[in-house]
Amino acid sequence: MAEDLRGRIGNEYKVDQPIPTQQALMARYGVSRVTAQRAMETLRSWGLIDEGGRGRRSRVIVMNMAPPTLAERVAVAFTAPHVSLDVWSLTTEKLSKVVAQQVELIERGEARAPESIKARILLPSLDVDYPVPWLIGDRADPRPLRRLRSLIKTFARQLEHSLLVAGEYQREASVRVEIRCVRALPLQKCYILNGSEALTSLYRVRKEQVRERADSAPMSIFDLRSGSEVFMWVPSADGGSEREGAYFEELRLLFESCWSDVAEPMDLGE
């Protein structure tokens, strides 16, 4: 509902114009009052409509819609009773934090726990000497790669833990988390949520000042970092353009082929 209304803002609903009442939305989409309220709250969280007031409907307050964020889209994905996450990234640092935030909402009763969660996570293999990251001034120094491997394992464990905890708040919930690895570095991170949308963000090589451990000396390295821009792709059948739908399908097929044909089980160890 929120996505459909978002698409209507700027066309059907202009700035300072009211959007339909909850009763009208319930009739249009065939949903309950609670669902209509949640859709409105989502639009407010995106900064698209105001709070409204006594006897006054919420109005459109902005035309330039902000690009999607991972936290926003994961929150929407978790409103489904059956959640699926197909992820291919360098580490799961950002996703693990976003899912942990979602678990906090579930714990506080501000979000409903899904009935089932299925996650497939693709990460770089831990036994490959990748060309990035590397220490500036000494490419042979093993510390940057050791640090990357540690980050991969740490955040993968955190993500797995958060997903398992999310399932504990729903009776007889089914949670399955499978982590595999490929012998390559991804050039973009990709999240396919509930099989109905994909989020991508390109990695860039950047100079970073990091530490291998908290008590280690700082070191300057070239590392892969994802950009702040997140691009969303949806199938044509779900409202995406023909181009968006084609790219979504390519992302889906790429993930499926790597997962089925070249990925290997990943042992995170201790």
Side-chain angles (χ1 to χ4, degrees), residues 1-85 94-95 97-99 101-102 104-106 108-114 190-202 226-249 251:
M1 277 183 63
E3 280 297 331
D4 184 65
L5 289 167
R6 184 182 205 171
R8 294 172 185 268
I9 291 175
N11 296 314
E12 188 173 339
Y13 313 123
K14 308 294 185 182
V15 169
D16 207 35
Q17 288 184 345
I19 63 172
T21 63
Q22 287 185 15
Q23 290 81 2
L25 292 175
M26 291 164 57
R28 172 183 287 182
Y29 293 97
V31 298
S32 67
R33 180 180 296 277
V34 172
T35 299
Q37 289 173 341
R38 290 171 71 180
M40 297 281 282
E41 290 167 2
T42 300
L43 292 176
R44 291 190 188 101
S45 73
W46 292 342
L48 299 179
I49 63 174
D50 65 15
E51 292 289 338
R54 191 174 184 85
R56 183 177 71 82
R57 286 186 280 166
S58 294
R59 294 176 177 270
V60 176
I61 57 176
V62 64
M63 295 288 287
N64 296 321
M65 293 171 284
T69 67
L70 180 61
E72 167 190 304
R73 300 314 307 158
V74 167
V76 172
F78 266 71
T79 63
H82 304 287
V83 174
S84 68
L85 306 173
K94 192 166 187 177
L95 180 61
K97 295 175 180 177
V98 166
V99 172
Q101 292 169 358
Q102 190 66 27
E104 290 179 6
L105 293 176
I106 294 172
R108 296 199 299 263
E110 297 176 20
R112 183 178 300 176
C190 177
Y191 309 98
I192 301 177
L193 309 180
N194 292 349
S196 61
E197 65 182 46
L199 302 179
T200 61
S201 181
L202 295 173
S226 62
S228 58
E229 301 87 356
V230 176
F231 304 95
M232 191 166 98
W233 313 88
V234 297
S236 302
D238 292 335
S241 66
E242 184 176 347
R243 175 177 173 274
E244 288 175 343
Y247 193 67
F248 171 87
E249 185 63 12
L251 290 170

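Positions are given from 1 along the sequence. Keep in mind that this is a model prediction, so the values were computed, not measured.
- Pairing each heavy atom of M26 with each of S32, the nearest pair is CG-O, 3.8 Å.
- Minimum heavy-atom separation, A77 to L193: CB-CB, 4.2 Å.
- When all heavy atoms of N194 and V83 are compared, the closest pair comes out as OD1-CA, 3.3 Å.
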Test side chain to side chain contact (heavy atoms under 4.5 Å, CB included) applied to L251 and T200, step by step: CA-CA 9 Å; L251 290 170; T200 61; 3.6 Å; yes
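- A salt bridge does not link R38 to E110: none of the charged nitrogens lies less than 4.0 Å from a carboxylate oxygen.
- Within the 3.5 Å criterion, the main-chain N or O of Q101 finds no donor-acceptor partner in the side chain of E104.
- Atom OH in Y191 sits 7.0 Å away from atom NZ in K94 (nearest 0.5 Å).
- For the pair Y13 and P18, the tightest heavy-atom approach, listed with the atom from each and the gap, is CD2-O, 4.2 Å.
- Summarising the local packing, CZ of R108 is surrounded by more than 12 heavy atoms from other residues, nucleotides or ligands at distances under 6.0 Å.
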Side chain to side chain contact (heavy atoms under 4.5 Å, CB included) between L5 and L43, intermediate numbers included: CA-CA 8 Å; L5 289 167; L43 292 176; 3.8 Å; yes
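- Considering only heavy atoms from C-beta on, I61 stays 4.5 Å or farther from L48 through its side chain.
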Stepwise side chain to side chain contact (heavy atoms under 4.5 Å, CB included) test for M1 and V31: CA-CA 9 Å; M1 277 183 63; V31 298; 3.5 Å; yes
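- Of all the heavy atoms in L70 and L199, the pair that sits closest is CD1-CD1, 3.9 Å.
- Expressed to the nearest 0.5 Å, how far CD of E41 lies from CD of E51 amounts to 9.0 Å.
- Under a 3.5 Å cut-off, the side chain of S201 and the backbone N or O of G227 do form a donor-acceptor pair.
- I192 is not listed as a side-chain neighbour of E197, based on a closest heavy-atom distance of 4.5 Å or more.
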Intermediate values then yes/no, side chain to side chain contact (heavy atoms under 4.5 Å, CB included), Q17 and E12: CA-CA 10 Å; Q17 288 184 345; E12 188 173 339; over 6 Å; no
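- In this structure, CH2 in W233 is found 11.0 Å from SG in C190, a value given to the nearest 0.5 Å.
- Closest non-hydrogen pair, D50 versus R57, comes out as OD1-O, 4.5 Å.
- A heavy-atom distance below 4.5 Å is found between the side chains of M40 and L25.
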Steps toward salt bridge (Lys or Arg N to Asp or Glu O under 4.0 Å) verdict (R6, E72): CA-CA 13 Å; R6 184 182 205 171; E72 167 190 304; 3.2 Å; yes
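- Counting only heavy atoms from C-beta outward, the side chains of V74 and L95 approach each other to under 4.5 Å.
- Within the model, atoms CD of E244 and CD of E249 stand 14.0 Å from one another, a figure rounded to the nearest 0.5 Å.
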